[in-house]
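The structure appears below as C-alpha cells.
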Amino acid sequence: MTADASDAIEIRNALLRLRRATGLPVAFGGLMEAGQQMRISELSGTATHALRSLVVTSGTGLGGKTLVLARPCVVTDYSVSRQISHEYDAPVAVEGLRSVLAVPVVVRHSVRGVLYGALRTALPLGGRMLDEAVEAARDVERALVVREEARTLAAEGGAGAGREQVREAHAALRALAPRIADPGLRAELLDACALLTADTTPSDRVRLTPREVDVLACVAAGATNAVAAERLGVTPETVKGYLRSAMRKLRARTRGEAVVAARRAGWLP
C-alpha cells in the first residue's frame, strides 16, 4: 500500500489540526507501506529533517508499539522510557523531542498509519491533548474510508472505466471554471462541462447551486472535503456547508447517497 498525493494532504491537514488544537509545537506522521512498516512522510513544526522518511517497524519504538496495540501511546521522556524499545533514539534526539504521543489511524479494524505530537520538554501529555490527537486521526480515517468507497463504487459500476473518466473530467472542469477571470472563457468552459451531462436533464424538482454541483462533482470523483477545498480554492468548512445544503435538497443522508441522487436528478454524469 502506498500513499498518494491526496493521502499526503490529509495527513498534513491532520497534523496542522493536531498542533492547533493541542498547542504541541511538533507533529509528524505517515501511513503503512507493504508489510509491517510505516513511513513518516509528513512533518509539521520540526526543526530538522531527521524524522523525514523514517521507516518504523511494528513493535519498535513508540509508533511501532502503537501499530501493534492499535491504541494511543504516550511517553514523558522518550530517550529514557522503559515502556518502548529505542531503535529510533538518534533521530528523535536530533530533533530534540522529549514527551511524545502517538495515535493510530484505524480503518475497518486495520491500523493504516500513525500521527505523533511532541514537546521538547519532559512534561506529561494526556487528557485533552490526547483526545484532540485522536480526533485528528479520525479525520484521516474518514478520508481513507471515503476514498475506498469511491473506488469500490467505480469498480462495481456497470459503465466501466470510460464512464469514470467522464466523471473525473467533469469534476476537473467544474473545479477549474471559478479560477478563470474572463467571463466569456469561463462560460465556454462550463458549456463544455455541460456536454458531459448531455444525456441527462437536471430535474426541476431539485435546484442545486453551481457551487453545490462543484462540490458534489469532487465528491463523486473520490475527493475528501480537504482535497475538494484545495481544488475549488475554498476552505474545508465551506465545502462542508455546500455539501450539507446539497444533501438536504437531495434528501440524502450520506455523501454517497447525495452523489447517487445528483446523478439520478441529472446534475452529474
Side-chain angles (χ1 to χ4, degrees), residues 4-7 9-10 13 107-108 139-269:
D4 60 20
S6 296
D7 294 334
I9 291 172
E10 298 300 342
N13 288 338
V107 176
R108 297 187 178 93
D139 284 348
V140 181
E141 293 168 5
R142 285 189 283 268
L144 294 178
V145 168
V146 167
R147 197 137 46 239
E148 289 181 0
E149 287 180 348
R151 283 196 289 263
T152 299
L153 287 172
E156 293 177 349
R163 192 63 173 173
E164 282 307 309
Q165 289 174 349
V166 168
R167 290 168 177 169
E168 289 176 6
H170 180 264
L173 289 171
R174 297 272 338 177
L176 179 62
R179 304 179 191 176
I180 297 177
D182 186 299
L185 184 57
R186 184 168 61 251
E188 288 184 25
L189 181 62
L190 289 173
D191 286 343
C193 186
L195 292 175
L196 299 177
T197 57
D199 58 341
T200 59
T201 302
S203 170
D204 290 335
R205 292 176 297 174
V206 180
R207 292 289 183 182
L208 298 179
T209 68
R211 264 318 201 194
E212 289 167 351
V213 178
D214 292 342
V215 169
L216 286 172
C218 287
V219 171
T224 62
N225 290 345
V227 174
E230 187 165 287
R231 290 178 182 173
L232 299 173
V234 298
T235 68
E237 287 303 317
T238 299
V239 168
K240 290 179 184 178
Y242 284 126
L243 186 55
R244 281 194 296 267
S245 176
M247 289 171 65
R248 184 172 60 253
K249 293 177 180 179
L250 293 163
R251 298 183 180 180
R253 293 169 298 174
T254 67
R255 299 159 63 96
E257 286 183 4
V259 168
V260 171
R263 285 175 177 159
R264 288 174 177 168
W267 290 102
L268 296 177

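Nothing fancy with the numbering, it's 1 onward along the sequence.
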Could you give the distance from CZ (R255) to CG (N225), rounded to the nearest 0.5 Å? 4.5 Å
In short, A258 meets L250 closest at the heavy-atom pair O-CD1, 3.5 Å
Would you say E212 has more than 12 foreign heavy atoms packed within less than 6.0 Å of its CD? yes
Looking only at heavy atoms, which two atoms of A262 and L216 are closest? And how far apart? CB-CD1, 3.9 Å
Donor-acceptor under 3.5 Å (E257 side chain, R253 main chain): yes
Side chain to side chain contact (heavy atoms under 4.5 Å, CB included) between V227 and T224: does it pass, once the steps are laid out? CA-CA 5 Å; V227 174; T224 62; 3.5 Å; yes
I would like to know whether M247 and L243 meet side chain to side chain contact (heavy atoms under 4.5 Å, CB included); could you show each step before the answer? CA-CA 6 Å; M247 289 171 65; L243 186 55; 3.9 Å; yes
Is any side-chain heavy atom of V215 closer than 4.5 Å to one of V234? no
Could you tell me if the side chain of D139 sits less than 4.5 Å from the side chain of N13, heavy atoms only? no
What I'd like to find out is whether the side chain of R264 reaches to under 4.5 Å of the side chain of V260, using heavy atoms alone. yes
Quick one: closest heavy-atom pair of P236 and A226, and the distance? CG-CA, 4.4 Å
4.5 Å side-chain heavy-atom contact, E10 and L144: no
Over all heavy atoms of both residues, which pair between A223 and A228 is shortest? Give the atoms and the distance, please. CB-N, 4.1 Å
Residues at least two apart in sequence or cross-chain that pass side chain to side chain contact (heavy atoms under 4.5 Å, CB included) with E141, listed by chain then number, are V105, V106, V107, A137, R138
